[in-house]
Amino acid sequence: MTSGRYNPRAAEPRWQKYWAENRSFEVKEDVSQPKYYVLEMFPYPSGRIHMGHVRNYAMGDVLARFKRACGFNVLHPMGWDAFGMPAENAAMEKGVHPKGWTYDNIAAMRGQLKSMGLAIDWSREIATCDPSYYRHEQAMFIDFMKAGLVERKVSLVNWDPVDQTVLANEQVIDGRGWRSGAMVEKRELAQWFLKITDFSEELLQALDTLEKWPDKVRLMQRNWIGRSEGLRFSFVLEDGQGNELPERLVVYTTRHDTIFGASFCAISADHALSKRISKTDQGLAEFRREVSALGTSEETIERAEKKGYALGIYARHPFKPGVRLPVYAANFVLMGYGEGAIFGCPAHDQRDWDFAKTYDLPIFPVVAPRDTGASSVVVGSEPYLEKDGADIVIINSDFLNGMNVAEAKDEIARRFEDAGTGERKVNYRLRDWGVSRQRYWGCPVPMIHCPACKIVPVPKADLPVTLPEDVTFDKPGNPLVHHPTWKHVKCPQCGGAATRETDTFDTFIDSSWYYARFCSPHADVPVDAAAAKYWMPVDQYIGGVEHAILHLLYSRFFARAMGKTHYPNVDEPFASLFTQGMVVHETFKTGDGEWVFPVDAVLKDGAWFHAKSGEPLIIGGIEKMSKSKRNVIDPESIIASYGADTARWFMLSDSPPERDIEWTEAGAEGSWKFTQRLWRLVNEAAALPRAAFKGDYGQAAIELRRAAHRALAAVTDDLSSLRFNRAIARNYELANALGVALAVTGPGADLTSAIQEAADFLVLMFAPMMPHLAEECWEALGHKKTVVDTPWPKPIAALIVDDEVTIAVQVNGKRRDEIKLPKGLSKDKVEQEVMQLEAIKRALDGKPVLKFIVVPDRIVNIVIGG
RNA sequence: GCGGGCGUGGCGUAAUGGUAGCCGCAACGGACUUAAAAUCCGUUUUCCGUAAGGAAGUGCCGGUUCGAGUCCGGCCGCCCGCACCA
């Protein structure tokens, strides 16, 4: 018998070595076996793993090990999202090369992840900064271009002045760069775009098929795509003297039912008409400068005072002869949506209302609840925004009067379509994906600019276009532009002098197809067809909800684009998605507002003090672990002191996985104690003489067996549905039951046998969570095979169900007593037994029984009068 | 503003419409020990009661139901996402 305390420092490396040497988790396609692909969002190699990684990868690992034990051929790979700006920032700050910095970090983090004991097929490891990865990305981009999915256009871009790069709309948060936090400016630049909008409708529709995604994420994507059905039509314009102008004003609206309530038109400050007039109108030029200085940003801060500038031209109302609507340039109209021009109906739109109030424009109510009567509507203190329902009708609108909103929309659309001056149109909020970045540490865009041939793709034989390594970071902007030779090439078409594209790809491209690359990480093509056919889609994807829109939407688009260009992939790459909660921790501050690391905070007599200076600390609240607030716990130090199993166990216990979990020293300590307790219990069980018992079990043995089989059934169920916290509670229960049985002195052969079975089950049940301890325990229990080669046991059905049940007895819905009865007893028998109970007789108090409700084997409710 | 989620002991949480609080943490009492740590046993929603037992109880108000933490409606609070999208 092994005795003493369990020592993870010896046991964990031993088993990690065993799994590596036996290639326990390396897999290949095997059509005779069902496959299961479990993937956690791959990490950015920032330097060290953090607790969020521990939680994420612990969850994926539990699932991988569980499914493997259940007989699945499990693909569980790991890689590195290795391009990106932190590497360049490090280069600028510390004078290291981004490549060296990145690969050093990968090496360090690989070591840390391996110390977690993850069941990963390391032979499939990939890094997106490796030319053997990004060359395929370049090839696909060229094919996307041939398929019409790539566009180069001059556009207003979000320019991050700190990072000196362009940001996608999705990367601008509250008008600030998502990484630098700097206020974003608008600039005009020629950019590469991927035409994600070609798939707007498909990406929207297919959300309905993603039943195993959280509703929340599907909703967020739905809103992001932002479909709306409306009408595009044009106004005839005239000048101040009533002369018709040659140009028409095209607007987009979803409320064409309110056309008779129109009192002005507004166009974006960046609208072509606004730009042209500003050349001769100083006031307008000034207004445009004002609006662009405000950017997309301050508007949100200032909560948008509606501002406009009258252009001095007018739009003729299409149905009200002689009525003309003044046209304004306005700050609240966005160039990027619809036509960048609207008609304003103040009575039924909040923004139009605010604008009309500011500029003293007329307000015509044209929609009203039916029962108020058409003529009685007066303009109140706010717009009337209701539009749904049969009782809401159009008023003051000539031929629309009395129609409901839908009917009126139909009628207006029909009239415009008949006249050829308008058409129904579906609009999306989603824009094309700008993928150009003016950075060094990214995948080079494989294009060449030739003065004669214009844009020429790099011939595939010349791929990959690799990054030059001899670059400097001494000036702002893109080092590829400053490089003396790299960009100078001969044009592949005409042979003349040409230059390379110096933009690199948005790193979200790298992560839009890595899951497919894992199927065949060493293939000469991006994705091997047979491998993808076998492994795709990912059966369970696990990661943070912060990627609910960007990464997940891009991946869904990229998969479709790959399909369209005949690369193997499936339209929906992630069959099931799980978004896990964050790891949070108490924050500590000194009196001067300095954040203090938790390791420097000590608790004394109910108050916190600084470990070194002894000064009292202020508790700042429980927040997501972040470097800035210093409320971080280093996983490496936790693993060093408690072992990986204890860290994994704590990360999975208590909180449901989708919710935030608070790291506490006490909680970690508790997990550590339980680790030791399991070791003791198993060794006690192992010390009993081996007995294979076949005869009749006594009461204590039966109870333990029931507990074991019931726990097994519950854990199987919980792990299948990723309810790790519940699985862990069931493990505690079985450990408690085992402890009770082991306390019996001189157990008979029957109980000994039951104990050994329970110990086996317990070990196999916690093995996905604490794999190293499980192997040690399994060995101690005398098994020849290892846990990873042992299939998940099946509970015996007869032992899960009781032949006796405890039935609660209620009188008028209040619990009065309970009674043990044989399972499946008839209603009459139950009634007979229940009526004998003293407590029930007392509660009935001689009153007449009106109803006797029996829910079989569960509950009885007696309804009495009086 | 719009959309979504959540609200249960001192704390983290659990509960196919069917005995609210499994399991853990903390706390308290006890055993072992010279002592401490570790370990083991017990108590722990609140109130009344020595007890037996009783009453109340899942943010608040109402509804559906024999029965509601769970379903429906309305409030209050907290969290998250989106936000001038015509």
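Model, not experiment: these values are computed from the prediction. Below, chains carry the letters A, B, ... as their sequence lines are ordered, and counting in each starts from 1.
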Does the base of B:U13 carry an N or O that pairs as donor and acceptor with the side chain of A:R726 under 3.5 Å?
no

I'd like to know if A:R659 reaches the base of B:C6 with its side chain, counting only an N/O donor and acceptor under 3.5 Å.
no

Report the base-pairing partner of [N] (Watson-Crick or G-U wobble, both distances below 3.5 angstrom), or none.
{"N": "B:G9", "result": "none"}
{"N": "B:G1", "result": "B:C82"}
{"N": "B:U65", "result": "none"}
{"N": "B:G21", "result": "none"}
{"N": "B:G42", "result": "B:C28"}

Tell me: [atom1] of [X] to [atom2] of [N], nearest whole Å?
{"X": "A:K216", "N": "B:C6", "atom1": "NZ", "atom2": "P", "value": "10 Å"}
{"X": "A:R677", "N": "B:C23", "atom1": "CZ", "atom2": "P", "value": "11 Å"}
{"X": "A:E669", "N": "B:C11", "atom1": "CD", "atom2": "P", "value": "23 Å"}
{"X": "A:E684", "N": "B:U39", "atom1": "CD", "atom2": "C1'", "value": "11 Å"}
{"X": "A:N223", "N": "B:C2", "atom1": "CG", "atom2": "P", "value": "14 Å"}
{"X": "A:W649", "N": "B:G24", "atom1": "CH2", "atom2": "P", "value": "11 Å"}
{"X": "A:K307", "N": "B:C84", "atom1": "NZ", "atom2": "C1'", "value": "14 Å"}
{"X": "A:L219", "N": "B:C82", "atom1": "CG", "atom2": "C1'", "value": "10 Å"}

Less than 6.0 angstrom separating the ring centers of [X] and [Y], yes or no?
{"X": "A:Y328", "Y": "A:Y309", "result": "no"}
{"X": "A:F761", "Y": "A:H709", "result": "yes"}
{"X": "A:F260", "Y": "A:F364", "result": "no"}

Out of B:C66, B:A83, B:C84, minimum distance to the side chain of A:V863 belongs to B:C66

Give the nucleotide from the list B:C84, B:C25, B:C40 with an atom nearest to the side chain of A:A666.
B:C25

Can you check whether A:N725 has a side-chain N or O nearer than 4.0 Å to OP1 or OP2 of B:A14?
yes

Are A:R429 and B:A83 close enough that a side-chain N or O sits under 4.0 Å from OP1 or OP2?
yes

Sequence-distant partners of A:E546, side chain to side chain donor-acceptor pair (under 3.5 Å), two or more places apart:
none

Whole-Å C1' distance, B:C28 and B:G18:
35 Å

For B:G67 and B:U19, measure between their C1' atoms and round to the nearest Å.
12 Å

Between A:Y337 and A:S228, do the side chains contain an N or O donor and an N or O acceptor separated by less than 3.5 Å?
yes

Each nucleotide in nucleotides 51-65 of chain B should get exactly one letter: B, S or -. Can you fill that in based on protein heavy atoms under 4.0 Å?
----SS---------

